[in-house]
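The next block holds one structure in the form of structure tokens; read it before the comments.
Below, all heavy atoms of this structure are taken into account, side chains as well, without hydrogens, waters or symmetry copies.
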Amino acid sequence: MIRPDDAAVDEWSFSARMLNLLFEAAGAGRNGVEYTNTEVAAAINRRAGRHAISDETIRKLRAPGGPQPSFDKVAHIAAFFQVPLDAFKEGSAAYEAVAAEANRLMDVRREHTEQVTRQVEEESEGIRMLARSARRLDSNGLKIAMEFISSLHKMQKSQS
């Protein structure tokens with residue numbers, strides 16, 4: 001099947017929802033930092049070796065009811081996110097599979113973030129408790145406490 005670069009993908013509607021889901025899921029793999037439209041366009045253009053897409057086009061494609069992209073643009077976007085072309089066709093098996101995997105990745109990231117947040121909160125409470133206790137010490141008591149903590153730290157390092 002040969003399609004000119006500017007042929008519109010007119011057999012089905014391009015899914016802005018999927019494109020946004022892919023941006024979000026890719027962000028889950030980047031410590032929660034989503035790609036920008038500019039980053040995606042630049043990466044696509046580098047890979048293509050030419051100006052294949054602009055960040056403005058990507059912005060428009062991410063908007064619900066946006067324009068129908070050319071086959072060439074869909075192919076470049078699919079390659080960037082490493083998904084099949086049919087991932088952008090709502091209701092297709094590829095769409096469902098990619099959406100399920102993207103949601104799974106985001107769930108894993110969300111669970112990890114919640115776990116880290118709980119750990120930080122627990123550690124912060126311990127530090128606050130130590131600080132409250134240290135406030136009640138005089139300068140000599142603070143010096144002894146710091147020496148004790150330093151010794152404890154050295155003992156833990158030697159046991160590791």
Side-chain angles (χ1 to χ4, degrees), residues 1-132 149 152-153 156-160:
M1 174 179 353
I2 298 173
R3 296 177 188 239
D5 285 349
D6 61 348
V9 179
D10 57 7
E11 293 94 36
W12 41 270
S13 293
F14 177 82
S15 174
R17 183 179 314 153
M18 176 56 75
L19 183 55
N20 287 314
L21 181 62
L22 290 171
F23 267 85
E24 190 176 351
R30 298 178 67 208
N31 292 323
V33 179
E34 282 189 24
Y35 287 109
T36 65
N37 298 339
T38 302
E39 289 173 320
V40 172
I44 288 171
N45 293 333
R46 270 192 309 276
R47 183 179 291 153
R50 63 182 173 84
H51 182 81
I53 196 165
S54 69
D55 57 340
E56 180 62 15
T57 297
I58 293 172
R59 184 193 65 76
K60 288 177 182 177
L61 293 175
R62 293 182 73 181
Q68 288 297 297
S70 67
F71 179 80
D72 183 57
K73 286 181 178 35
V74 176
H76 285 297
I77 293 168
F80 176 82
F81 287 108
Q82 300 177 347
V83 298
L85 287 170
D86 277 356
F88 294 101
K89 181 181 179 184
E90 288 191 36
S92 71
Y95 179 95
E96 299 304 325
V98 169
E101 181 62 15
N103 284 313
R104 187 192 67 75
L105 286 171
M106 290 185 300
D107 287 344
V108 167
R109 177 66 186 166
R110 203 172 0 264
E111 288 171 16
H112 175 73
T113 300
E114 289 170 2
Q115 180 184 17
V116 168
T117 300
R118 282 191 301 274
Q119 288 172 342
V120 167
E121 288 171 355
E122 290 169 7
E123 290 172 1
S124 295
E125 182 53 37
I127 291 169
R128 283 192 291 272
M129 184 186 76
L130 284 172
R132 284 191 301 269
I149 291 170
L152 182 59
H153 184 257
Q156 281 186 325
K157 282 178 79 174
S158 68
Q159 290 176 354
S160 304

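Within the model, atoms NZ of Lys73 and CZ of Phe71 stand 13.0 Å from one another, a figure rounded to the nearest 0.5 Å. Distance NE2/His51 to CD1/Ile44: 10.5 Å, rounded to 0.5 Å. In this structure, Leu22 CG and Glu34 CD are separated by 10.5 Å, a value rounded to the nearest 0.5 Å. With rounding to the nearest 0.5 angstrom, the CG atom of Asp72 is 8.5 Å from the CD1 atom of Ile53. Atom CG of Asp55 sits about 6.5 Å away from atom CG of Asn37, to the nearest 0.5 Å. Within the model, atoms CG of Asn20 and CZ of Arg62 stand 4.5 Å from one another, a figure rounded to the nearest 0.5 Å.
Here the shortest heavy-atom pairing between Arg17 and Tyr95 reads CD-OH, 3.6 Å. Across Leu105 and Ala28, no two heavy atoms sit closer than the pair O-CB, 4.1 Å. Taking each heavy atom of Glu90 and Ser15 in turn, the nearest pair found is OE2-OG, 3.2 Å. Of all heavy-atom pairs spanning Val98 and Ala87, the tightest one is CG2-CB, 3.8 Å. Closest approach of Ile58 to Phe23, counting heavy atoms only: CG2-CZ, 3.8 Å.
Side-chain contact check for Ile149 versus Leu130: every heavy-atom pair is 4.5 Å or farther apart. Side-chain atoms of Asn103 and Leu21, non-hydrogen and from C-beta on, do get closer than 4.5 Å to each other. A 4.5 Å side-chain heavy-atom check between Arg109 and Asn31 finds at least one atom pair inside the cut-off.
Note that Arg30 lies in the cation-pi zone of Tyr35, set by a 6.0 Å cut-off to the ring centre and a 45° limit from the axis.
Aromatic ring orientation, Phe88 versus Phe14: parallel (interplanar angle below 30°, classes split at 30° and 60°).
Annotation for His153: atom NE2 does not count as buried by contact number, only 12 or fewer foreign heavy atoms lying within 6.0 Å.
At a threshold of 4.0 Å, the pair Arg110-Asp107 counts as salt-bridged, since one of the basic side-chain nitrogens sits closer than that to a carboxylate oxygen.
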All N/O donor-acceptor pairs, side-chain side in residues 117-124, below 3.5 Å, sequence neighbours left out:
unit_1, atom_1, unit_2, atom_2, d
Thr117, OG1, Thr113, O, 2.8
Ser124, OG, Val120, O, 2.8

